[in-house]
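Here the structure comes first, spelled out in structure tokens, and everything after it is commentary.
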Amino acid sequence: MDHKPTYRDLIYEIVKCIPSGRVASYGQIARMVRRCTARMVGFAMASTPENENIPWQRVINSQGKISPHGAGFGSALQRQLLEEEGVIFNEENIVDFDQFGWKPLD
DNA sequence: CGGCTGACTCTGG
DNA sequence: TCCAGAGCCAGCC
């Protein structure tokens with residue numbers, strides 16, 4: 001916490017604001033933080049400390065799908081966690097943003 | 001101090 | 001409609 005908060009920390013704060021059962025896209029987060037791009041959001045998610053309670057699972061790509069981050073099973077876990085929260089995936093493994101898309105006003 | 005990398009997004013063909 | 005390439009910026013080596 002600290003004296004030198006990086007953009008990653010700002011992204012974490014926003015991600016932690018996402019309520020359960022809701023999802024947001026990388027671009028959505030990136031646009032909330034100035035000077036931040038979608039890639040940085042993904043990189044920040046990759047560095048999410050397990051100590052913190054960051055719902056990184058609620059962050060997906062603009063297509064409403066989960067991106068394969070390395071091994072692959074990680075995305076499977078992410079999808080399971082979202083389903084536990086009530087998020088529904090269709091046959092294409094896509095989440096309907098119109099239903100589960102998070103909005104700052106929500 | 002310089003260069004490479006990354007869980008993305010957008011536009012063109 | 002699907003595939004491919006370029007852009008973006010902070011963090012790390």
Side-chain angles (χ1 to χ4, degrees):
Chain A
M1 342 225 303
D2 332 315
H3 306 128
K4 284 192 52 162
T6 62
Y7 278 91
R8 284 197 334 202
D9 294 318
L10 293 175
I11 294 169
Y12 293 157
E13 291 299 315
I14 294 175
V15 173
K16 285 194 285 189
C17 287
I18 303 174
S20 178
R22 292 289 160 85
V23 295
S25 66
Y26 296 94
Q28 181 90 43
I29 306 287
R31 286 170 194 187
M32 291 179 189
V33 182
R34 296 178 184 276
R35 316 295 182 166
C36 183
T37 62
R39 284 188 166 180
M40 264 288 14
V41 178
F43 197 60
M45 296 297 94
S47 298
T48 40
E50 298 178 2
N51 314 45
E52 301 291 336
N53 186 17
I54 303 173
W56 56 270
Q57 63 235 38
R58 294 172 193 152
V59 182
I60 58 182
N61 62 24
S62 63
Q63 296 181 359
K65 298 197 289 195
I66 301 173
S67 300
H69 34 89
F73 58 87
S75 58
L77 175 63
Q78 180 174 7
R79 176 183 154 186
Q80 183 176 346
L81 290 171
L82 290 174
E83 288 182 329
E84 289 292 321
E85 294 181 354
V87 178
I88 306 299
F89 287 78
N90 64 13
E91 308 113 20
E92 300 288 335
N93 290 336
I94 299 176
V95 180
D96 188 352
F97 272 97
D98 193 50
Q99 290 185 70
F100 305 105
W102 173 61
K103 296 177 185 176
L105 303 177
D106 188 18

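Order of the sequence lines fixes the chain letters, A, B, ..., with proteins taken first and strands second; residue numbering starts at 1 for each chain. What you see below is based on every heavy atom in this structure, not just the backbone, and it leaves out hydrogens, waters and symmetry mates.
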Protein-nucleotide distance ([X], atom [atom1]; [N], atom [atom2]), rounded to Å:
X: A:Gln63; N: B:dA7; atom1: CD; atom2: C1'; value: 13 Å
X: A:Asn93; N: B:dA7; atom1: CG; atom2: P; value: 19 Å
X: A:Met45; N: C:dG11; atom1: CE; atom2: P; value: 13 Å
X: A:Phe43; N: C:dC9; atom1: CZ; atom2: C1'; value: 11 Å
X: A:Tyr12; N: C:dA10; atom1: OH; atom2: P; value: 16 Å
X: A:Met40; N: B:dT5; atom1: CE; atom2: C1'; value: 11 Å
X: A:Glu92; N: C:dT1; atom1: CD; atom2: P; value: 13 Å
X: A:Asn61; N: B:dA7; atom1: CG; atom2: P; value: 13 Å

Phosphate OP1/OP2 of C:dG11 contacted by A:Thr6 side-chain N/O (<4.0 Å): yes
A:Arg8 side chain near C:dC12 phosphate (N/O to OP1/OP2, under 4.0 Å): yes
Any donor-acceptor N or O pair under 3.5 Å, side chains A:Gln80, A:Gln57: no
Sugar-phosphate, base or nothing in reach of A:Arg31, heavy atoms under 4.0 Å: sugar-phosphate
Touch class at under 4.0 angstrom, heavy-atom based, for A:Tyr26 against every strand present: base
Nearest non-hydrogen partners of A:Pro55 and A:Lys16, listed with the distance: CD-CA, 3.8 Å
Closest contact, heavy atoms only, A:Ala44 versus A:Tyr12: O-OH, 3.0 Å
Any-strand Watson-Crick or G-U partner of C:dC8, both distances under 3.5 Å: none
Minimum-distance nucleotide (side-chain atoms of A:Ser67 versus B:dT9, B:dA7, C:dA10): B:dA7
Six-ring centre of A:Phe89, A:Arg79 cation under 6.0 angstrom, axis tolerance 45°: yes
Nearest-nucleotide comparison on DNA chain B, the residue closer to the 5′ end among A:Thr37 and A:Ile60: A:Thr37
Matching residue for A:Met32 among A:Val41, A:Leu10, A:Ile14, A:Ile11 - test: side-chain contact (heavy atoms from CB on, under 4.5 Å): A:Ile14
